[in-house]
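Beneath this line is the structure, given in structure tokens, with notes to follow.
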Amino acid sequence: MKFINKTILLLFGCSIFLSCEQKKKDFDWESYSQDPVIEGKVDSVLSLMTLEEKIGQMTQFSGHGTLTGPQINDDFKEYLEKGQVGSMFNVFGAEGLRKLQEQAMKHSRLQIPILFAADVIHGYKTTFPMPLAESCSWDLELMERSARIAAIEATSAGISWTFAPMIDIARDPRWGRVMEGAGEDVFLGNEIAKARVNGFQGIKSYKDFGDIHTMLACAKHFVGYGAAEAGRDYNTVDVSDRVLRETYLPPFKTAVDHGVATFMTSFNTVSGVPATGNKYLFKDILRDEWGFKGTVVTDYTAINEMIPHGYAEDLKQAAEKALNAGIDMDMNGAAYIQNLKKLVDEGAVTEGQIDVAVARILELKFLLGLFEDPYRYMDTKREAENTMTEAFLAEALKGAERSIVLLKNEKEVLPLAENTKKRIALIGPMIKERKSLNGEWAIKGDRSKSVTVYEGVTNLYSNAKFSYAKGANLMGESNAKEIQKAVRVAQNSDVVFLALGEDFNWSGEAASRTDIRIPKAQRELMHAVKKTGKPIVLILLNGRPLDLSWEDQNVDAIVEAWYLGIKTGDAIANVLAGKYNPSAKLTMTFPRNVGQIPIYYDALNTGRPFDQNNPQDYKSFYLDVENSPLYPFGYGLSYTSFEYSDLKLSSEVLKGGSAIKASITVKNTGKYDGEEVVQLYTQDIFASIAQPVKQLKGFQKIKLKKGESKKVTFDITPDMLSILDINNNIVTEEGKFKVWIAPNSSIVQNEAIFSFKN
Ligand code: BGC
């Protein structure tokens, strides 16, 4: 398509960790949209289309499944009969989708198939841990595999486009959508964006989009959605261009570099302009700087929301602004379908602008092979064969075990061997809870199929004696009788497994909280059980970092299990028993209380940094709580212990165009075989722009047998130390750098200094 810009690859975002040269090879964008065969087909269909048909292609209609906003556009049937449905979501199943597609083929004058989409976020039928949990595995291959499996299941059921991955950096646990992302860190966010895009799409070139199990991925939400003020969903965002470019944009750039086919706008404003009408974001950055050639869809009714934002007078003007910003498809808002023709007639927009958008949409349909066979994703036999297979379920268990973070384990209360004869009290509303286990955004996961904590634990521990009390509901007020019963159960036990948490509706979209403690009734239950003096293993099922200050002081072990999906109970039981030695580490900081938010490890130092070991007044600190978090980024325990020693640099001077090696010896000094996430951090001590106190630059997840040592080595290259200078150029400045290799972001032992000279 001649009207689509040629790739202009600018340097921005290339590589905190890889050079541009390396990245470009990861996906062949160069020839995308320039394939003469596809281009010819698109142009020939386009040349036959009426304006109304074109606008229909730019409209995405919701069926009647999950709604995440007002159902504005409920009349898809009317448009279906006119052959004007470009895309649909919230409709499921090979058989049902085939029927809709048949209607489209019958009524569409030019036989243009519908592109079916869905929020396939952490699994389709086989539910995997919620994305934040899974990110805590620091296991990129595992994340890629779970996305691949989701793609196989969904494409076998008729869906060839997912609204995932959500790659918003998130630093405010009050915001319910932190559960959908990869946490607070840019480096890890980039790596995970790449893993998930590769997982869903599984291809290296646009030519492979037609592989039957390739599902178009969607990088969302562009951009800054995670920075909602005070963690209130959809709230105002105020980020400087620097923070946008340093923190929020990089995962999106990574997604482009790895061939993500589509982008979704975000609900928020950026510098006062709603993202969905923001030319700077979608034209200047996404298309011109980064060379993105795929399709942009709005978030749910986001064009309409320009009116309450105070940015458009009416829907017509909102549609004009969205089109002018380069937004190709309107999700469920009817803004385009009701207004674009008028806007063309009035000369406010051109048909040429519409052609650009429609060409992008048709191109995807051609690449997916939908024009050749509109029903190719709708084969009920394939759907049955590829749904919840033994292999998928085994992978779900693996993923769940690897996402559980052990936050505390005193007096070695865990692991509790599976042949124990102890009396175990199972207490708490999460013990038998089933509905919440998949977490939010598991739209097709059957909530009645997930294994409860009760089932997992009682299946595994065949010699233990169990007693059970719910003790409290997940929400609402406490009940004294229920608590008394739970106390009696605890008194007659040797150890208490106390399972608490948030109802799954308490995280996800439109699920912000100002109090991020365990809900009140459950806390009261916990306080009562504590008084029995029995050892307590607290098992948490929740969607965000919580304030666990009381728990940290008062229970013996804390197992952060998040929402783990279909295999929840089995995975938890395996971890409690030490059948799987926990290896996950936090990807989002746990604050001491809500007043510390936003709190993240790669903060700036300030001009008056506070030193906990040498406290002084008029420094940057709180009077009522220490600066440090309760559990830092990168933190998580194992049943074994690891000792880090002998940090060495191959040279104290790094020269331009070369690399130095930083190595450390890690020894398993405990009683069990285990896995450790070894983390590399650096700091640019002095630069033309103030830099964070430390930044993650690499990690390796290693396995060590009991007593075993390993030397872990990282290459440090000038690229990895680059910063964004005052003119937004990526540069590596000469000077001194600190380096740490550590088990988490708060550890400052094993530090070395080197200089960079060009
Ligand atoms: C969410 C998106 C989602 C869309 C469609 C919106 O409310 O913000 O992330 O993809 O709904 O369900």
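What's counted below: heavy atoms across the whole structure, side chains too, no hydrogens, waters or symmetry copies. Remember, it's 1-based here, ligands and their atoms both numbered in the order they're listed. Everything numeric here is computed off the predicted structure, so don't read it as measured data.
The F89 neighbourhood of ligand 1 comprises atoms 5 (C), 12 (O), with distances under 4.0 Å to a heavy atom of that residue. Interface atoms of ligand 1 facing H221, defined by a heavy-atom separation under 4.0 Å, are 2 (C), 8 (O), 9 (O). Short contacts between ligand 1 and F163, defined as distances under 4.0 Å to a heavy atom of the residue, involve ligand atoms 10 (O). Close approach of ligand 1 to K220 is summarised as follows: ligand atoms under 4.0 Å from at least one heavy atom of the residue are 2 (C), 3 (C), 9 (O), 10 (O).
Cation-pi geometry between R171 and Y600 is met: the NZ or CZ atom falls under 6.0 Å from the ring centre, inside 45° of the normal. For the pair K220 and W441, the cation sits on the ring face: its NZ or CZ lies under 6.0 Å from the ring centre, inside 45° of the axis. Both the sub-6.0 Å distance and the 45° axial angle are not jointly satisfied by R98 relative to the ring of Y377.
Residue-to-ligand polar distances keep Y225 apart from ligand 1: every N/O pair is separated by 3.5 Å or more. Polar contact check, E509 against ligand 1: a nitrogen or oxygen pair lies under 3.5 Å apart. In terms of polar-atom proximity, Y300 is not counted as a contact of ligand 1, lacking any N or O under 3.5 Å from an N or O of the ligand.
Within a 6.0 Å sphere centred on CG of D284, heavy atoms belonging to other residues, nucleotides or ligands number more than 12. Around the CD atom of E141, the shell of radius 6.0 Å holds no more than 12 heavy atoms that belong to other residues, nucleotides or ligands.
The ring-ring contact (aromatic ring centres under 6.0 Å, His included) analysis of residues 128-152, with sequence neighbours excluded, yields the pairs W138-F633, W138-F699.
Distance alone, capped at 3.5 Å, places no donor-acceptor pair between the H309 side chain and the V273 backbone.
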Test log, rule side chain to side chain donor-acceptor pair (under 3.5 Å), inputs N90 and S62: CA-CA 6 Å; N90 284 337; S62 174; 3.0 Å; yes
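Of the options D299, D168, T301, the smallest heavy-atom separation from atom 8 (O) of ligand 1 is shown by D299.
Note on ligand 1: R177 sits in its first shell, one or more heavy atoms being nearer than 4.0 Å. Judged by the shortest distance from any of its heavy atoms, M264 lies inside the 4.0 Å radius around the atoms of ligand 1.
At a 4.0 Å heavy-atom cut-off, ligand 1 does not touch M166 at all.
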